[in-house]
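Notes to accompany the following structure.
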Amino acid sequence: MSIDRFLSDVERPLAPLPGHFSRGRLERVLRRGEFAVTTELNPPDSANPNDVYDRAAIFEGWVDGINAVDASGANCHMSSVGICALLTRMGYAPILQIACRDKNRIAIQGDILGAAAMGVANIMCLTGDGVQAGDQPGAKPVFDLDCMSLLNTARSMRDNGKFLSGRKLTTPPEVFLGAAINPFAPPYDFRPLRLKKKIEAGAQFVQSQYCFDVPMFAEYMKRVRDMGLHEQCFILCGVGPLASAKTARWIRSNVPGIHIPDAIISRLEGAQDQKKEGKQICIDIINEVKEIDGVHGVHVMAYRQEEYVAEIVAESGVLKGRKPWHRELAPDAERIIERHEAVDKPLTPQQIIDEVVH
Amino acid sequence: MSDTPTKETAPKLTQAAIVRAKAPKTAFKPADVSPSRRQRSYSIRLWSVRNARFLEGFYKRFAGLFLTLHPFWNWIGYGRAERPVTFVERQVKGLMFDCRMCGQCVLSSTGMSCPMNCPKQLRNGPCGGVRANGNCEVEPDMPCVWVQAWAGSQRMRDNEAILKVQKPVDQSLRETSSWLRVTAQAAAEREASKEEAA
Ligand code: SF4
């Protein structure tokens with residue numbers, strides 16, 4: 001008897017709450033004022049649902065949301081909508097990423113409805129990397145919308161119940177809208193204003209690019225606080241372990257938009273076990289950013305080191321003893337399983353008579 | 001006859017090729033072609049951004065002039081004026097801004113840096129991939145359109161316009177004159193307000 005059959009109503013959305021836009025757990029955690037932790041699922045190159053379940057299971061009980069990336073880095077993988085559909089079946093709280101690179105406005109609006117119907121409560125609106133960065137540089141870049149107009153579109157679908165064309169929806173999607181920020185790329189002065197613009201367009205939470213330079217992030221947050229933006233939107237700081245000094249160097253010169261200061265690289269180089277040191281750096285950064293006023297959580301991206309996420313979260317103690325959602329048996333499931341086991345062991349007629357007589 | 005390229009047949013050194021040859025081995029080197037790549041020097045475009053304040057004033061007067069010509073456009077018919085005006089607009093703006101004729105000009109909100117030159121055609125600000133030297137993620141030898149736009153907008157009188165959220169591009173307006181459209185709209189608004197006053 002599989003345990004999965006006795007999970008208590010995992011697929012059902014939560015009851016609506018006043019002041020909440022979605023019926024998912026991530027929004028509730030954030031609005032309760034708790035320090036949230038989200039992470040990213042490495043999308044499989046396969047058509048096997050178990051690949052998704054296995055990859056999600058290692059985050060269980062440690063995170064409040066799992067990003068389903070939309071062909072990140074323009075590399076082809078299982079689609080984010082597909083991953084989200086699988087995750088909601090298991091009760092996880094996926095964050096659907098939509099990149100403007102691959103789909104036009106017709107496809108995107110359809111995806112928003114489809115995802116919401118499957119129980120996706122969080123949508124992240126991204127521009128997406130250019131196609132030149134990925135494994136299929138000959139693809140046609142779409143970029144019909146940009147992240148800002150995508151946010152606007154999703155919001156008006158939710159709040160006004162209308163498509164971009166003005167056509168009415170019969171049931172609007174109840175979604176919590178997110179966006180990405182990168183405080184570490186020029187033009188630095190414009191970055192906080194851009195966050196303001198995203199909030200105006202509809203962003204309710206944002207996840208940042210990898211933060212390796214805490215003073216730079218603190219500076220950004222200062223300007224964000226000056227504008228009062230931290231009260232209008234939940235800000236999650238992106239963090240992640242670097243596997244070695246060599247990878248750090250490679251990322252620095254090959255992945256645009258990720259800023260890694262020399263100090264981090266030399267600290268990695270000086271370490272005996274670089275992988276362990278990378279994890280320690282990540283934990284240290286979490287401990288520093290969680291003290292910054294206006295930071296509401298962290299987004300742990302551990303690409304190909306997913307098994308470290310739980311350790312990083314545990315060792316940094318950001319959850320303060322809180323245990324995020326994990327699958328549980330329904331209250332009386334255990335007893336039902338016991339009975340089933342009893343039934344599964346068939347008794348011979350003689351034994352039954354024996355039992356009755358004695 | 002050998003196949004070794006002679007001087008004539010040797011491929012022309014593109015700007016990207018030069019940049020790539022100079023770049024350190026570890027640097028990011030994307031493919032030489034992207035659909036939006038054009039072998040241009042960016043100097044005139046950058047000049048326009050540097051002189052955004054002057055161009056802003058100039059544009060304002062120019063729009064006024066176009067509006068006073070409204071009876072004239074009306075007389076020949078906006079439909080008939082479309083082709084010649086589009087031709088002129090394409091040439092002038094093409095030279096000044098590398099205009100892509102989206103038909104819904106936002107130069108005044110983007111510091112006179114045409115956002116359609118961004119390989120992702122972003123209309124609302126820079127993506128997260130801008131290189132530390134201020135160049136584009138997709139085309140490493142091109143100054144990021146939005147870094148330029150931000151600089152240009154700060155030189156303009158109306159330096160808040162860049163903060164406005166822009167609607168998605170209406171592709172059905174491509175290759176039409178935005179000068180005429182803006183003029184027709186302004187004229188219609190003017191008439192509506194006149195009627196209200198009367
Ligand atoms: S770096 Fe600048 S020009 Fe290049 S894609 Fe991003 S926003 Fe556009």
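Lettering of chains follows the sequences in order, A, B, ..., and the numbering in each one begins at 1.
At a 4.5 Å heavy-atom cutoff, the contact between A:R191 and chain B is made by side-chain atoms alone. Looking at B:Q154, neither its backbone nor its side chain comes within 4.5 Å of chain A, counting heavy atoms on both sides. Contact annotation for A:R252: neither backbone nor side-chain heavy atoms come within less than 4.5 Å of a heavy atom of chain B. For A:L150, no part lies near chain B; criterion is any non-hydrogen pair under 4.5 Å.
Note: A:F184 and A:H259 have parallel aromatic rings, judged against thresholds of 30 and 60 degrees for the angle between ring planes. Using cut-offs of 30° and 60° on the angle between ring planes, the pair A:F190 and B:W150 is parallel.
Each of A:R101, A:R105, A:E200 has some count of heavy-atom pairs under 4.5 Å with chain B, and the biggest count is that of A:R105. Top candidate by heavy-atom pairs under 4.5 Å with chain B, chosen from A:G138, A:P187, A:G128, A:P183, is A:P187.
For A:D262 (side chain) and A:I265 (main-chain N/O), no donor-acceptor pair under 3.5 Å exists by modelled atom type. Judged purely by atom type and a 3.5 angstrom limit, A:S149 has no side-chain atom pairing as donor or acceptor with the backbone of A:L145.
Within 6.0 Å of CZ in B:R83 there are 12 or fewer heavy atoms belonging to other residues, nucleotides or ligands.
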